[in-house]
Amino acid sequence: MRKVEMKLVYARQIAEDTIEMKLEDNYITQIAEPGQFIYIALPNFTLRRPISIADVDREQKQLTILFKIFGRGTASFAAYEPGMIVDCIGPNGNGFPFDTDKMEKVLLIGGGIGVPPLYYLGKKLKSKGIEVTSILGYQTAAQVFYEEEFNQLGETIVVTDDGSYGEKGYVTDIITDSFNFDLYYSCGPTGMLRALTSKLQDKKGYISLEERMGCGVGACAACVVSTKNEQGYLKICHDGPVFPAKEVIL
Amino acid sequence: MRKVEMKLVYARQIAEDTIEMKLEDNYITQIAEPGQFIYIALPNFTLRRPISIADVDREQKQLTILFKIFGRGTASFAAYEPGMIVDCIGPNGNGFPFDTDKMEKVLLIGGGIGVPPLYYLGKKLKSKGIEVTSILGYQTAAQVFYEEEFNQLGETIVVTDDGSYGEKGYVTDIITDSFNFDLYYSCGPTGMLRALTSKLQDKKGYISLEERMGCGVGACAACVVSTKNEQGYLKICHDGPVFPAKEVIL
Amino acid sequence: MMDLQVKLPGLNLKNPVMPASGCFGFGKEYSRFYDLSLLGAVMMKAATGTERLGNPTPRVAETSSGMLNAIGLQNPGVDKIIAEEVPFLAQYDTEIIANIAGSTIEEYKEVAKKFNDAPEVKAFELNISCPNVKEGGIQFGTDPDMAKEVTTIVKRASDKPVYVKLSPNVSNIVAMAKAVEEAGADGLTMINTLTGMQIHLPSRRPLIANKTGGLSGAAIKPIAIRMIYEVREQVNLPIIGMGGIETAEDVLEFLLAGANAVAVGTANFQNPLVMPEIINELPKTLEKYGFSSVHDAIGKAVFV
Amino acid sequence: MMDLQVKLPGLNLKNPVMPASGCFGFGKEYSRFYDLSLLGAVMMKAATGTERLGNPTPRVAETSSGMLNAIGLQNPGVDKIIAEEVPFLAQYDTEIIANIAGSTIEEYKEVAKKFNDAPEVKAFELNISCPNVKEGGIQFGTDPDMAKEVTTIVKRASDKPVYVKLSPNVSNIVAMAKAVEEAGADGLTMINTLTGMQIHLPSRRPLIANKTGGLSGAAIKPIAIRMIYEVREQVNLPIIGMGGIETAEDVLEFLLAGANAVAVGTANFQNPLVMPEIINELPKTLEKYGFSSVHDAIGKAVFV
Ligand SMILES: Cc1cc2nc3c(=O)[nH]c(=O)nc-3n(C[C@H](O)[C@H](O)[C@H](O)COP(=O)(O)OP(=O)(O)OC[C@H]3O[C@@H](n4cnc5c(N)ncnc54)[C@H](O)[C@@H]3O)c2cc1C
Ligand SMILES: Cc1cc2nc3c(=O)[nH]c(=O)nc-3n(C[C@H](O)[C@H](O)[C@H](O)COP(=O)(O)OP(=O)(O)OC[C@H]3O[C@@H](n4cnc5c(N)ncnc54)[C@H](O)[C@@H]3O)c2cc1C
Ligand SMILES: Cc1cc2nc3c(=O)[nH]c(=O)nc-3n(C[C@H](O)[C@H](O)[C@H](O)COP(=O)(O)O)c2cc1C
Ligand SMILES: Cc1cc2nc3c(=O)[nH]c(=O)nc-3n(C[C@H](O)[C@H](O)[C@H](O)COP(=O)(O)O)c2cc1C
Ligand code: FES
Ligand code: FES
């Protein structure tokens, strides 16, 4: 984890209010793992913004982020143009654990802007010969992104809340007993994670959490999550953002 | 006086830390008079910055400003690039009064970044057949600007504090009895204006003042100056920035 | 159409937005930018018994997301304000609120009496942040007993509703609010500025000639919201809220916290059109967050 | 070479810059970014008698030029801090200051006693902004008598110099400073955060789960400078100043106002390298404004 200047080399809108960017540097791109995030400073904002690493190309020294224009910070970031320098800390946190010897099939479940970190994970797993199935949930057709990319990784089911694209409903509606997997990985809104982890309580899984952050490096105790064991609170920025689904209280 | 969006059409560094810009709009450029100023909003700064109008081209709908990088605001403004929009209020205040029937020769005395408003005034006066002599004072050679432009208006003497260019000394050192003029106009640091108005106390003159401003339009009473008559305080942004030299207490 | 009206003691506001005292003079300058009839009300600049010249300059300084000011109550005195400024504002279809200041209780009383005879003035805002010269400079606004006393006297001296303007420079804002409530205040306006200082490094002197100045602007908004929340929970007076308002969303935040109407100060300097823009935006903003009127939003924050 | 050293009761600071309590944990995380031996001192996160889990989340919110926090004293308890955290920090060539908190006077006393036996801890910072559960939640930090009492007890319980951390949420900061001076405090640290609130419009709830939070960052710097100026004029204790420091120029502003050393809080979140950068910049900044050492600049603002 270092503070580095990354160069924005590419930016494009890929869905409603959703931006894809590629950032270049010599450090973060060389060590980032799926599930980690970068912590981005924006001029005139007190706090940095955490954004997941959605893909990494070590050779090109580039990483991809995907983010939604949510408030003022992401709006101002969306206006950056290629060539500009982005002040980042990274890679932060711990990524998705995987032991490729012990698994054959995994299920990825992403909700909205929780989809991005699963992409880099899926790519990694596929390259190691793991079978990847993905369920991607979005609010509506205009917000769907990266369907094609996930299709390359394996079977991909898109769900929209309003049925305007793919299946209608929530990601949890889709997961039936016919799904066969050793492990699941998920990232998305807390409501979705709560429903999902309760539905899949007999399965082993890892979930990636979000919380408002101060330092982003584990020093201020802003971003805690309660755990089911004696550890008390864990810090999402430092001990997470990925946790075993059974360990945390949502 | 209106709030308008001006388009930056040209920007260039013309001396050490000194920027020349041309701004375009349909309103301010059509009515601005010498001595008035525009009041510029910069993103993420609470207060606007007052900058004098240094020249106007009504046909091209452009005005020129010249400013020094002084603190954070002017530094961020100096980084603007042509094509960008500048949020301005203007034209503010009252300009330099002149009655071309009653004068033949005028003396312009500018100190540092007080030089700009005198240029537009000098141009106007010259075009009406008035003889213009200019004394321009700067700290040092690297800060000298617009000498050539003033030369076009009439005799121009440049003075530097350290003698690195032109005459050595202060503008007040230069003004001897051999100078023959009906009226003087001056703008510059308060210390210079104090020395000047006391030296020229027998002459009629107008001086342009600076003060830290809040509203910039006469509503908040931040920018007052004491007067020698019963008016008490006058507002520089509204009643000035130009005042008869004999009226105000510096 | 979205109903923006608010009725408060003495005031029928067509919308809840008005300029904060001292940031709008007596309206003339901003009337060059737009029709003042658009405003819910106008809070005039502070009036004292006789003319005040105010403090030496510099009187303002910029800070991060805010500014300091120490104008020092410069005003032409109550008589001239009634004779020359009130008639100008009375041309517009908006409510006029007089801001009353003084260095002694007698001065407050005298100013209140004079404004009481001006029918165009609909309510008073009592500026109790001025130091009391008699009591050695202690502010009326930080001592509950003194605040109570000055409120009582002004209430007695006039029939008009009195809104007391609370200073945030206190340990216990609720105690201040309760004190003036007991004294018969009809409403509160809050918050005034927080006392601050900036030192100019090259000269090693305070940038404001008066040394300290009042901090206003977006920087203080969280403090204003907190204080309005605290007071709203324990005091029953209507509140005109202020402190860092720049957008229609900020207005809604104040309404939710418990303000019945709002005033905009510093933001006028950045954007002279900010109030008409906010008023124009407000119906959309209310609708976006599920409110059917201004009234519907007041005090609707959920604190449990 | 510019002399940056400052000597304060119990502390030999190689430079006047240290992290503010609660913004730096116990140093481990930032030690990944730079060598903590660069720092003048480290103010540790608040310690209580036993482990505290703190408040529910969200615990932070962003504001204009600042932030709100309501961490709620989450910490592993004084014993674990002495056993696990102090030894880590003791590896570095820097001074360790323990921040002591509690909900009862007894708890403060107990924590102080334990830290008194830790030789690596050079001084205490007494965090009196915590609500006293026994007295019904009234803050020690806004009542001079309670501040005095807790200071007296902690002074008695230990030999180490005690710096009392003043809360800015008071009507009279000088009265607070004098009260703890009388109680034997060796120094002051100021300011803690200003209480604020932000309401999240979509949910209509305070953004901070604890409702209110402490406002920090550049937004509050003018208030910190004003309070340090006021206290410096009337109280003889050394002051460690804080509140919105982001640059070496800010440090100089605090020194001029009367601070003997400074702490940096919120700015670490924006730039984890901010303290080494400030320390590196400080000699140039001092020189630029005509000072020959840190000592030379302390209290050198001109107020006449
Ligand atoms: C570990 C992690 C990874 C994330 N990855 C992504 C991603 O890949 N793509 C994406 O679009 N979003 C992601 N988010 C959410 C993203 O950080 C927020 O949408 C963003 O911070 C909002 O900033 P804003 O200025 O637009 O909103 P504002 O509401 O103006 O922000 C105000 C403050 O709240 C914080 N905040 C607001 N929403 C969130 C949130 N959901 N989580 C954390 N802090 C928040 C901001 O960081 C800021 O400090 C991630 C969050 C976390 C914690
Ligand atoms: C009527 C008028 C006309 C001016 N014309 C010019 C011009 O043509 N060219 C030029 O270079 N400068 C001019 N100035 C000065 C210019 O406004 C300041 O240099 C500028 O505001 C500094 O801003 P900053 O952000 O760089 O400095 P900062 O010190 O960061 O500014 C902080 C605050 O102080 C104010 N301030 C600082 N210095 C001055 C000053 N000298 N006068 C008024 N406010 C100040 C700023 O506006 C801002 O509100 C003029 C000033 C006035 C009053
Ligand atoms: C330049 C200036 C002058 C002010 N003068 C007065 C005044 O005369 N009377 C008063 O009660 N408040 C005065 N105030 C305080 C404002 O009315 C308001 O309470 C405060 O600025 C907070 O609002 P804001 O953040 O929107 O500016 C003044 C504020 C400023 C910035
Ligand atoms: C996240 C956070 C946690 C804090 N925790 C503590 C604490 O535990 N004890 C304490 O005395 N002050 C605490 N503070 C206050 C800071 O030490 C400091 O006084 C204040 O933030 C002002 O400085 P700044 O503006 O540089 O942050 C905390 C501040 C922040 C932002
Ligand atoms: S954000 Fe500071 S500990 Fe996670
Ligand atoms: S700046 Fe407000 S009156 Fe001049």
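Since the structure is predicted, the reported quantities are computational estimates derived from the model, not experimental observations.
- For Tyr27(B), the OH atom is densely surrounded, since the number of other residues' heavy atoms within 6.0 Å is greater than 12.
- The closest side-chain donor-acceptor pair between Glu62(C) and Thr46(B), if any, does not fall under 3.5 angstrom.
- Shown here for Cys220(B) and Phe269(C), the closest heavy-atom pair between the two residues is CB-CZ, 3.7 Å.
- Proximity to chain B is limited to the backbone of Asn55(C), based on heavy atoms less than 4.5 angstrom apart.
- Around NZ of Lys199(B), the count of heavy atoms belonging to other residues, nucleotides or ligands within 6.0 Å exceeds 12.
- Around CZ of Arg58(B), the count of heavy atoms belonging to other residues, nucleotides or ligands within 6.0 Å exceeds 12.
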Between Asn271(C) and Lys3(B), does the side chain to side chain contact (heavy atoms under 4.5 Å, CB included) criterion hold? Intermediate values first, please. CA-CA 8 Å; Asn271(C) 176 7; Lys3(B) 177 171 174 286; 3.2 Å; yes
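- Heavy atoms of Ser65(C) lying under 4.5 Å from chain B belong exclusively to its backbone.
- Residue with the most contacts toward chain B among Asn69(C), Thr63(C), Leu207(C): Leu207(C) (heavy-atom pairs, distance under 4.5 Å).
- For a residue to count as touching a neighbouring chain, one of its non-hydrogen atoms must lie under 4.5 Å from one of that chain's; by this rule Arg2(B) touches chain C with the backbone only.
- Around the CD atom of Glu120(C), the shell of radius 6.0 Å holds more than 12 heavy atoms that belong to other residues, nucleotides or ligands.
- More than 12 heavy atoms of other residues, nucleotides or ligands shown are found within 6.0 angstrom of CD on Gln201(B).
- Closest of all the heavy-atom pairs between Gln74(C) and Ala221(B) is OE1-CB, 3.7 Å.
- Residues Ile89(B) and Pro272(C) are in side-chain contact: their nearest non-hydrogen atoms beyond the backbone lie under 4.5 Å apart.
- Other residues, nucleotides and ligands place more than 12 heavy atoms under 6.0 Å from the CD atom of Gln91(C).
- Here the closest non-hydrogen pair linking Leu47(B) and Gln270(C) is N-NE2, 4.3 Å.
- Pairing each heavy atom of Val60(C) with each of Ala222(B), the nearest pair is CG1-CB, 3.5 Å.
- A cation-pi arrangement is found for Arg59(C) relative to Tyr233(B), the charged atom lying closer than 6.0 Å to the ring centre and inside a 45° cone about the ring normal.
- Other residues, nucleotides and ligands place no more than 12 heavy atoms under 6.0 Å from the OH atom of Tyr165(B).
- Contacts between residues 27-41 of chain C and chain B, counted as heavy-atom pairs separated by less than 4.5 Å, involve Glu29(C), Tyr30(C), Arg32(C), Phe33(C).
- Among Ala70(C), Ala219(C), Gly66(C), Gly217(C), the residue with the largest count of heavy-atom pairs under 4.5 Å with chain B is Gly66(C).
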